[in-house]
Protein chains: 2
Amino acid sequence: MAVPAGVASQRVADELRERILAGRLAPGTRIIQDELADELNTSRLPVREALRILESRGLVTLRANQGARVTSMDVRECELSYKIRERLEPLLLAESAPRLSDEDIDAMTAVQERIEATEDVEEFLVLDRRLHWAVYQHDDAGDLAATVNRLWDTTQHYRRAFTRLAGERRRWIINGEHRLLIQALRDRDHTSAEHILELHIRRTRVELVKHPELFVP
Amino acid sequence: MAVPAGVASQRVADELRERILAGRLAPGTRIIQDELADELNTSRLPVREALRILESRGLVTLRANQGARVTSMDVRECELSYKIRERLEPLLLAESAPRLSDEDIDAMTAVQERIEATEDVEEFLVLDRRLHWAVYQHDDAGDLAATVNRLWDTTQHYRRAFTRLAGERRRWIINGEHRLLIQALRDRDHTSAEHILELHIRRTRVELVKHPELFVP
DNA sequence: GTGAGGCCGATTGGATCCAATAGAGGCGAG
DNA sequence: CTCGCCTCTATTGGATCCAATCGGCCTCAC
């Protein structure tokens, strides 16, 4: 079976990213080039390029002659990621919101209803991310979106751990904020939407740093 | 002569980045892997890895089977980069400023004096960047700094073009803002420093977008 | 028994070779 | 003369091979 198409290194990078984001590769895990190459039916060369790509995205950490490991963060770095998100995501919203259609906003509501219905952590993570990106979907200059995406990627593992120990109360606070955000967008009140979004991220950050035990494996 | 040390792909990436930032490779220029490999006395493999690295940094653009080109921006993308800087650099300042020593601030003043003394565009670009990074030097979580650095990198070419056509009046406005910023830092008035920095970047952005002709090569 | 030093396997880094693709230029038909 | 096809070459993408380096383990001296 020949490799179908597309640049192999991109394919490897996508696969590896997926494994990390899905939690199948924990922070600190060593990545051996040969193993990955064998599993993905390719040579080590695309794997090496993929590792460089993911290093630049912050998902893996390379050290000369010592191989690659899944990047791990401490609580300080994670907090800073959230502070960056607080400043950038409202900007992303401002770029995208004027072009949101009523149908787009209906779709957000539908996603939010599924968020409220699910009990599964993995499903929550997927849907929460989908909701945010539904808000940003009409941003046209991809650079900002790429930066923010990177922040979501590098903090995904800790967001999962945090979600696991979040109780029902916290979940409903999140849902309330999401509902407020969607309503502000529906009202075309973009300034309020920006503020709600900023507060939503800040509040999550403040809760997160109350659990430094998530960062000491 | 053997290659001294350090990972070759990093060395190639650094060299290529330097050439782009120095303006020796204009946006849109095609980069041929063989040529670069010959010039740097290495094989194409480190060059390929270097191109991946720089692609992730936004400095080069890769298209499958069509090689690499120095990334070019339109006025819209450049404006967005400045908007991002407006939000992130004050944050970077807030992280770093509390740890600035009096000597650090004296050094900034010295750099600013050199900025005011020079007539040379290249020297201005170097010193202006050095001044800003003197402000941010005590940031410890490198992720934010890396993001901002990337923004400086990708807009460097257009900053150069803009500086070339800036008259004496604009230069003195910039100098005034720099002086205000340094004074606020000296007074340990970090909130004002953040605001001055944000306004400094915003004003530059507003001026920049008045010259869309810089983006049509 | 313990610590230092050296050897060996595992793994990464780099070079060369071969295959696949895109773009340019020439050739022929209309 | 022009348009379209086709070959041919320059360049990129991928695989394999060889060299360099790191870390663990064993040995030996004290």
Side-chain angles (χ1 to χ4, degrees), chain A residues 1-20 24-72 217, chain B residues 1-20 24-72 217:
Chain A
M1 179 195 70
V3 177
V7 183
S9 48
Q10 198 61 51
R11 199 171 53 85
V12 175
D14 288 344
E15 171 64 23
L16 190 52
R17 172 175 177 271
E18 201 279 324
R19 290 188 189 188
I20 295 171
R24 286 188 280 155
L25 288 172
T29 306
R30 172 102 183 254
I31 300 165
I32 279 107
Q33 299 179 359
D34 263 327
E35 290 179 9
L36 239 186
D38 286 350
E39 288 179 43
L40 301 181
N41 290 315
T42 180
S43 83
R44 271 178 47 219
L45 197 144
V47 172
R48 285 164 62 174
E49 289 186 340
L51 290 174
R52 295 275 176 203
I53 294 170
L54 294 181
E55 182 195 28
S56 303
R57 287 198 185 201
L59 277 178
V60 307
T61 303
L62 294 176
R63 287 179 52 186
N65 293 315
Q66 288 180 245
R69 290 181 182 278
V70 180
T71 301
S72 60
Chain B
M1 180 194 68
V3 176
V7 183
S9 48
Q10 197 60 51
R11 201 172 52 85
V12 175
D14 288 344
E15 170 64 23
L16 189 51
R17 171 176 178 271
E18 201 280 324
R19 290 189 188 186
I20 295 172
R24 287 188 280 156
L25 287 173
T29 306
R30 172 101 182 255
I31 299 166
I32 279 107
Q33 299 180 358
D34 263 327
E35 289 179 9
L36 239 186
D38 287 349
E39 287 179 44
L40 301 181
N41 289 314
T42 181
S43 83
R44 272 176 48 219
L45 198 145
V47 172
R48 283 164 64 175
E49 288 185 340
L51 290 174
R52 295 276 178 202
I53 293 170
L54 294 180
E55 182 196 27
S56 304
R57 288 198 186 201
L59 277 177
V60 309
T61 303
L62 295 176
R63 287 179 51 187
N65 294 315
Q66 288 179 246
R69 290 180 182 278
V70 179
T71 302
S72 59

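Residue numbering restarts at 1 for every chain, and letters A, B, ... go by the order of the sequence lines. Note that these values count all heavy atoms, side chains included, but never hydrogens, waters or copies made by symmetry.
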- Message: What I'd like to find out is whether the side chain of A/I32 reaches to under 4.5 Å of the side chain of A/L36, using heavy atoms alone.
- Response: no

- Item | Euclidean distance, atom CG of residue B/L45 to atom P of D/dC18 [Å, nearest integer] | 16 Å

- Item | Given D/dT12, C/dG14, D/dG14, the nucleotide with the shortest approach to the side chain of A/R48 | C/dG14

- Nearest-nucleotide 5' precedence on DNA chain D, A/E49 against A/A64: A/E49

- Message: On the nucleotide D/dG23, are OP1 or OP2 found under 4.0 Å from the side-chain N or O atoms that A/Q66 carries?
- Response: yes

- Message: At 10 degrees resolution, what angle do the end axes of the helix from C/dG1-D/dC30 to C/dG30-D/dC1 form when each is taken over five base pairs?
- Response: 0°

- Whole angstrom is fine here: how far is it from CG in A/N65 over to P in C/dA10? 18 Å

- Query: Side chain of A/R44, base of D/dG14: donor and acceptor closer than 3.5 Å?
  - Reply: no

- Task: Please report, rounded to the nearest Å, how far the P atom of C/dT12 is from the CD atom of A/E55.
- Result: 14 Å

- Message: Below the 4.0 Å mark, does C/dA15 have OP1 or OP2 next to a side-chain nitrogen or oxygen of B/T42?
- Response: yes

- Provide, to the nearest angstrom, the distance between the CG atom belonging to B/L62 and the P atom belonging to D/dT11. 16 Å

- For B/R63, all residues meeting salt bridge (Lys or Arg N to Asp or Glu O under 4.0 Å), sequence neighbours excluded: none

- Task: Would you indicate, yes or no, if D/dG13 has its OP1 or OP2 atom less than 4.0 angstrom from a side-chain nitrogen or oxygen of B/Q33?
- Result: yes

- Task: Figure out the CZ/P separation between A/R63 and D/dG23, and round it to whole Å.
- Result: 8 Å

- Indicate yes or no: at least one non-hydrogen side-chain atom of B/V60 is less than 4.5 angstrom from one of B/I20. yes

- Quick one: A/I32 CD1 to C/dA10 C1', roughly how many Å, whole number? 9 Å

- Here the distance between atom C1' of C/dA22 and atom CZ of B/R69, to the nearest Å, is 12 Å

